[in-house]
Amino acid sequence: MKPIQQPASDARIVILTGAGISQESGLETFRDPDGIWSKVRIEDVATPEAFAADPDRVHAFYNMRRKRALTLNLEPNAAHKALAELEARWPGEVLVVTQNVDSFHERAGTTNLIHMHGRHAEARCNHCSHVVPWSGDMSVDVVCEGCAKPGGIRPNVVWFGEMPLQMDRIQAALFECDLFISIGTSGNVYPAAGFVGLMRKMGRGHTVELNLEPSTGASLFAESHYGKATDIVPRYVAALLNDQT
Ligand code: BJW
């Protein structure tokens with residue numbers, strides 16, 4: 001790995017993660033050649049309109065992915081664990097903002113975490129917004145325990161055209177952060193894809209991309225390291241932490 005630019009020891013760090021960080025744990029990414037969007041159309045499964053038109057189809061897609069994520073004994077990898085170690089040992093605040101709906105970050109030990117695109121392991125009611133943990137299949141027959149109405153239960157994930165979660169908290173953290181690190185995301189989906197541009201516009205804070213290959217917004221980052229997440233993330237974190245000890 002090239003030398004890294006060392007931030008101040010009390011730097012506030014925001015880390016954005018995407019599907020690439022979970023790829024080596026056994027989950028597909030979205031836009032790689034064999035990714036999820038090469039097999040199904042976004043308009044058929046990942047918009048509120050798709051759910052309104054054909055909820056059974058959308059439920060089948062998410063039931064299949066939830067089952068895969070929750071039952072195949074998939075484990076957090078060295079990159080997830082390195083970020084948890086960074087949070088535990090870094091003197092300043094570390095916030096992980098993940099676009100991923102899997103649970104690898106929390107299972108690896110990260111606690112200061114925002115799931116901006118929701119979580120596979122939760123259901124939400126379209127009628128009353130009640131959110132509950134969910135591990136099995138969902139269907140249109142499920143009755144919401146919050147409002148007692150059927151037909152509204154859906155995966156608690158953010159589809160295209162919907163507002164990502166906790167945006168106020170994310171923006172506040174970006175405004176104050178000294179180091180922004182983007183890991184395993186192609187930079188195609190907004191608002192996450194715009195975070196690095198926001199950092200640049202504010203003219204403060206160092207920006208780093210850690211990815212398999214240059215993302216769509218690669219030229220906006222001040223520093224970049226390319227390779228597999230399980231290789232470059234632990235090495236980058238070790239470089240950050242070694243100067244602390
Ligand atoms: C590795 C690796 C390894 C591989 N190691 N690396 C026109 C212009 C601008 C915006 C819009 C527009 N038209 C519409 C919009 C808005 C729209 C949008 O961005 N569309 C674009 C496609 C243009 N966005 C929205 O609708 C969002 N909402 C919104 O904008 O609300 C309004 C708003 C306004 C103002 C402020 C705030 C909000 C909602 C987006 C919802 C996205 N939902 C999904 C599905 C979630 C549920 C599910 O899982 O099914 O989220 S789509 C999918 O993409 C998923 C991901 O989180 C997201 C990002 O994908 P990600 O993580 O980047 O994965 P990939 O596959 O793209 O990339 C993987 C990367 O890893 C690659 O670079 C690989 O090289 C790398 N990699 N293996 C390291 N081993």
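All figures in this text were calculated on a predicted structure; none of them were measured in a lab. Values below: all heavy atoms of this structure, side chains included; hydrogens, waters and symmetry mates excluded. Counting starts at 1 for both ligands and their atoms, following the listed order.
- Between atom 45 (C) of ligand 1 and the options Val158, Val189, Asp32, the minimum heavy-atom separation is to Val158.
- The closest approach between a heavy atom of Pro164 and any atom of ligand 1 is below 4.0 Å.
- Less than 4.0 angstrom separates atom 14 (C) of ligand 1 from none of the non-hydrogen atoms of the protein.
- For atom 78 (N) of ligand 1, a protein non-hydrogen atom is found at a distance below 4.0 Å.
- In summary, the side chains of Thr230 and Glu24 do present a donor paired with an acceptor at a separation below 3.5 Å, with no hydrogens or angles considered.
- Taking 4.0 Å as the cut-off between side-chain N and carboxylate O, Arg57 and Glu43 do not count as a salt-bridged pair.
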Would you mind writing out the side-chain donor-acceptor pairs for residues 164-176 within the sub-3.5 Å range, not counting sequence neighbours?
residue : atom : partner : partner atom : Å
Gln166  : OE1  : Arg169  : NH1          : 3.1
Arg169  : NH2  : Asn112  : OD1          : 3.0

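- For atom 47 (C) of ligand 1, a protein heavy-atom neighbour is present inside the 4.0 Å cut-off.
- The residue from Phe160, Trp159, Tyr190 that puts a heavy atom closest to atom 27 (C) of ligand 1 is Tyr190.
- Judged by the shortest distance from any of its heavy atoms, Ala46 lies outside the 4.0 Å radius around the atoms of ligand 1.
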Passes side-chain hydrogen bond (donor to acceptor under 3.5 Å, both in side chains), Ser215 versus Ser186? Steps please. CA-CA 5 Å; Ser215 68; Ser186 64; over 6 Å; no

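- Proximity of atom 7 (C) of ligand 1 to the protein is not indicated, since no non-hydrogen protein atom lies closer than 4.0 angstrom.
- Residue-level proximity to ligand 1 for Asn188 is carried by the backbone, the only part with a heavy atom below 4.0 angstrom.
- Contacts between Gln23 and ligand 1 below 4.0 angstrom, taking non-hydrogen atoms only, involve the side chain exclusively.
- Considering only residues two or more places apart in sequence or on other chains, Glu122 meets the salt bridge (charged side-chain N to carboxylate O under 4.0 Å, His left out) condition with Arg119.
- Residue contact check for ligand 1: Ser215 places no non-hydrogen atom closer than 4.0 Å to it.
- Proximity of Arg65 to ligand 1 is established by a heavy-atom distance of less than 4.0 Å.
- Proximity annotation for atom 39 (C) of ligand 1: of Glu24, Glu162, Arg119, Arg31, Glu162 comes nearest, heavy atoms only.
- Atom 38 (C) of ligand 1 has its closest protein heavy atom at Met163 SD, 3.1 Å.
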